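Heads up, the thing below is written out as structure tokens.
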Amino acid sequence: MEYKVIEGGGITSPKGFTAGAVYVGVKSRKSQKPDVAVLYSETEASCAAVFTTNKFCAAPVILDREILKNGKARAIVINSGNANAATGTQGIEDARTVECEAEKLLGVGENEVFVCSTGVIGQKLPVEKVLDGVRQIIPAKLDAANGSDAAYAIMTTDTVRKESAYELELSSGTIRIGAMAKGSGMIHPNMGTMLCFLTTDCAISSEMIKSALLETVQVSFNRISVDGDTSTNDTCCVLANGLAGNPVITEKGPDYDAFVEALRALCVELAKKMASDGEGATHLITCTVTGAGSEQSAETVAKSVIGSALTKAAIFGADANWGRVLCAMGYSGEDFNPDKVDVAFQSQAGSVQVCAKGRGLDFDEDLAKRVLTEHDVTIAITMGEGDSSCTCWGCDLTYEYVKINGDYRT
């Protein structure tokens with residue numbers, strides 16, 4: 001079974017999903033970018049979600065964990081500009097107020113609307129502004145044509161919308177999966193400020209959509225890092241409303257496997273977009289580790305390399321400083337033989353091997369500079385320990401990153 005990318009598709013590409021967005025000034029800013037969005041399913045949807053592991057989790061995360069216990073939902077309200085994190089019981093009350101207002105306007109039951117926030121930590125949510133946004137959107141602005149508006153509204157320091165949609169043929173019909181995400185800084189998910197919302201018209205049980213999401217997140221969003229900071233608000237949520245009309249997927253089998261494959265491809269696409277759009281980034285860094293003793297070992301090593309500030313700085317400067325890569329591998333905590341390690345830098349400009357059997361090689365510095373000047377750069381590592389592999393994604397560390405985060409709050 002094959003899937004295809006829907007040209008211009010996004011969060012409202014599956015049947016029965018609408019969205020809307022407005023500007024209400026959640027955070028004072030010169031541009032009037034939309035900052036409140038609502039995503040809505042015309043029918044009850046099975047749902048699943050994963051959240052941040054940060055102990056200072058945001059108020060919406062606390063609320064959404066309770067809502068998730070029902071296994072069903074109808075809508076999601078998202079605001080940017082304010083994280084509603086480290087705001088105590090007042091923050092939870094504010095999130096609940098937004099939830100209840102959306103449920104009333106939509107005419108749905110209690111605990112059927114998720115609430116998500118992203119932005120500055122530690123400031124009280126301007127709840128009346130968010131409520132005003134919700135009232136403007138529901139029902140007047142809810143439309144399948146407004147998916148990109150919603151994707152724009154959830155952005156903070158992102159420079160581009162992150163949205164996509166896939167179509168997939170199952171054994172009994174065609175289904176679609178749509179998505180929108182935001183994330184540019186504070187990205188180091190462990191399920192960064194990372195939000196991802198997924199929709200599908202596939203009929204699939206709550207248990208199976210949860211299984212599919214957990215499988216997918218582990219090999220996509222949990223394999224990226226921008227700056228090593230795990231946000232207080234990380235959330236990845238999926239709604240499945242069943243309007244495609246396929247027989248409900250209630251157990252693992254060919255249709256489930258095909259669904260997971262497409263969901264994984266979609267989430268990897270979004271994860272790479274997040275890493276590529278890291279705050280101030282000029283390079284997408286892909287680290288591929290092959291020849292590892294286990295997939296877990298390969299993942300640990302790859303994550304260590306993409307998370308290394310020194311490696312990230314070297315890529316920014318197009319400096320083939322392979323010693324930074326070996327150093328990051330060495331402190332990863334994995335047990336391996338350094339004398340078996342090979343390293344190469346690759347891009348559209350070519351490939352240059354810089355290390356063999358743990359020792360440096362004479363290489364063409366001019367070629368290395370050309371390779372590392374490309375936007376997409378791969379650090380290819382061979383460990384010589386086994387047959388397992390893993391790929392993780394990150395970005396370079398630039399002056400602009402410090403500038404953005406030096407005055408983020410103000």
Side-chain angles (χ1 to χ4, degrees), residues 8-14 17-41 58 60 64 74-85 94-95 97-99 101-103 105-106 113-121 123-165 178-186 193-199 231 233-237 239 270 273-274 277 279 404 408-409:
I11 193 69
T12 55
S13 291
F17 286 97
T18 57
V22 294
Y23 166 78
V24 295
V26 172
K27 179 182 178 183
S28 298
R29 65 181 84 202
K30 294 179 181 178
S31 66
Q32 293 196 352
K33 181 189 81 65
D35 50 11
V36 174
V38 176
L39 173 65
Y40 174 63
S41 172
D64 290 346
R74 289 289 295 276
I76 306 171
V77 177
I78 314 110
N79 76 267
S80 60
N82 184 299
N84 194 9
D94 289 340
T97 298
V98 172
E99 176 215 338
E101 182 67 9
E103 288 167 347
L105 293 171
L106 291 169
V113 176
F114 289 106
V115 177
C116 296
S117 299
T118 179
V120 179
I121 294 170
Q123 295 185 356
K124 184 180 182 297
L125 182 74
V127 67
E128 289 303 324
K129 290 184 177 181
V130 178
L131 290 172
D132 178 44
V134 171
R135 291 166 186 147
Q136 288 186 52
I137 295 169
I138 305 172
K141 294 183 180 295
L142 286 177
D143 195 285
N146 294 337
S148 284
D149 292 343
Y152 187 36
I154 68 176
M155 292 165 52
T156 50
T157 56
D158 306 64
T159 65
V160 295
R161 290 177 175 88
K162 300 171 179 68
E163 55 185 334
S164 189
M180 66 179 183
K182 64 84 51 182
S184 187
M186 197 177 278
T193 314
M194 182 200 119
L195 298 179
C196 178
F197 306 102
L198 301 155
T199 57
S231 165
N233 293 60
D234 286 343
T235 298
C236 182
C237 180
L239 300 179
L270 292 173
K273 286 181 178 180
M274 288 185 194
D277 192 35
E279 288 174 343
I404 290 170
Y408 180 77
R409 186 178 63 86

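All figures in this text were calculated on a predicted structure; none of them were measured in a lab.
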Practice item. State, without any angle test, whether K182 and T118 hold a side-chain donor-acceptor pair at a distance under 3.5 Å. Key: yes

Exercise for review: Mind listing the closest non-hydrogen atom pair of A150 and G20 along with its distance?
Suggested key: CB-O, 4.5 Å

Review point. How many angstroms lie between atom CG of L105 and atom CZ of R135, to the nearest 0.5 angstrom?
Key: 7.0 Å

Check your understanding: Could you state the interatomic distance from CZ (F114) to CG (L239), rounded to the nearest 0.5 Å?
Key -> 7.0 Å

Point to revise | Set of side-chain contact (heavy atoms from CB on, under 4.5 Å) partners for A181, sequence neighbours left out | key: K162, C196, L270, M274

Check your understanding: Do D132 and E128 touch side chain to side chain, with heavy atoms closer than 4.5 Å?
Key -> no

Revision key, fill the gap. All heavy atoms of D158 vs all of G183, minimum pair found to be OD2-N, 2.7 Å

Check your understanding: If every non-hydrogen atom of A21 is compared with every non-hydrogen atom of P34, which pair is closest and at what distance?
Key -> CB-CB, 4.1 Å

Review point. Any side-chain heavy-atom pair from L106 and L142 closer than 4.5 angstrom?
Key: yes

Point to revise | Heavy-atom pair with the smallest gap, counting every atom of K33 and Y152 | key: NZ-O, 3.0 Å

Practice item. Report yes if the side chains of N146 and T18 come closer than 4.5 Å at any heavy-atom pair, otherwise no. Key: no

**Study point:** Considering all heavy atoms, the nearest N84-S117 contact
**Key:** CB-OG, 4.1 Å

Point to revise | Test item: D277 side-chain N/O and T159 main-chain N/O as donor-acceptor pair under 3.5 Å | key: yes

Review point. Under the 3.5 angstrom rule, does the side chain of S80 hit a backbone N or O of A153 as a donor-acceptor pair?
Key: yes

Check your understanding: Counting N and O atoms only, with roles assigned by atom type, does the side chain of K129 sit under 3.5 Å from a partner on the main chain of G25, one being a donor and the other an acceptor?
Key -> yes

Review point. Of the options V38, V130, L195, which is the one that meets I78 in a side chain to side chain contact (heavy atoms under 4.5 Å, CB included)?
Key: L195

Exercise for review: Would you list the pairs meeting salt bridge (charged side-chain N to carboxylate O under 4.0 Å, His left out) in which at least one residue belongs to residues 137-155, sequence neighbours left out?
Suggested key: none

Review point. For the atom pair CD (Q123) and CG (L125), what is the distance rounded to the nearest 0.5 Å?
Key: 10.5 Å

Exercise for review: Using the test side-chain hydrogen bond (donor to acceptor under 3.5 Å, both in side chains), find all partners of K273 that sit at least two apart in sequence or belong to another chain.
Suggested key: E269

Exercise for review: State, with a plain yes or no, whether a side-chain heavy atom of N82 is found less than 4.5 Å away from one of K27.
Suggested key: no

Check your understanding: Is there a side-chain contact between E99 and P60, using heavy atoms and a 4.5 Å cut-off?
Key -> no

Check your understanding: Do N79 and D35 come within less than 4.5 Å of each other through their side chains, counting heavy atoms only?
Key -> no

Review point. Once you round to the nearest 0.5 Å, how far does CZ of F197 lie from CD1 of I76?
Key: 5.5 Å

Review point. Nearest heavy-atom pair of V113 and V77: which atoms, and what distance?
Key: CG1-CG2, 3.9 Å

Practice item. Assess whether side-chain contact (heavy atoms from CB on, under 4.5 Å) is satisfied between T199 and S41, documenting all intermediate values. Key: CA-CA 9 Å; T199 57; S41 172; over 6 Å; no

Exercise for review: With rounding to the nearest 0.5 Å, note down the distance linking CE in M194 to OG1 in T235.
Suggested key: 8.0 Å

Exercise for review: Test side-chain contact (heavy atoms from CB on, under 4.5 Å) on R161 and M155 and set out the steps.
Suggested key: CA-CA 7 Å; R161 290 177 175 88; M155 292 165 52; 4.0 Å; yes

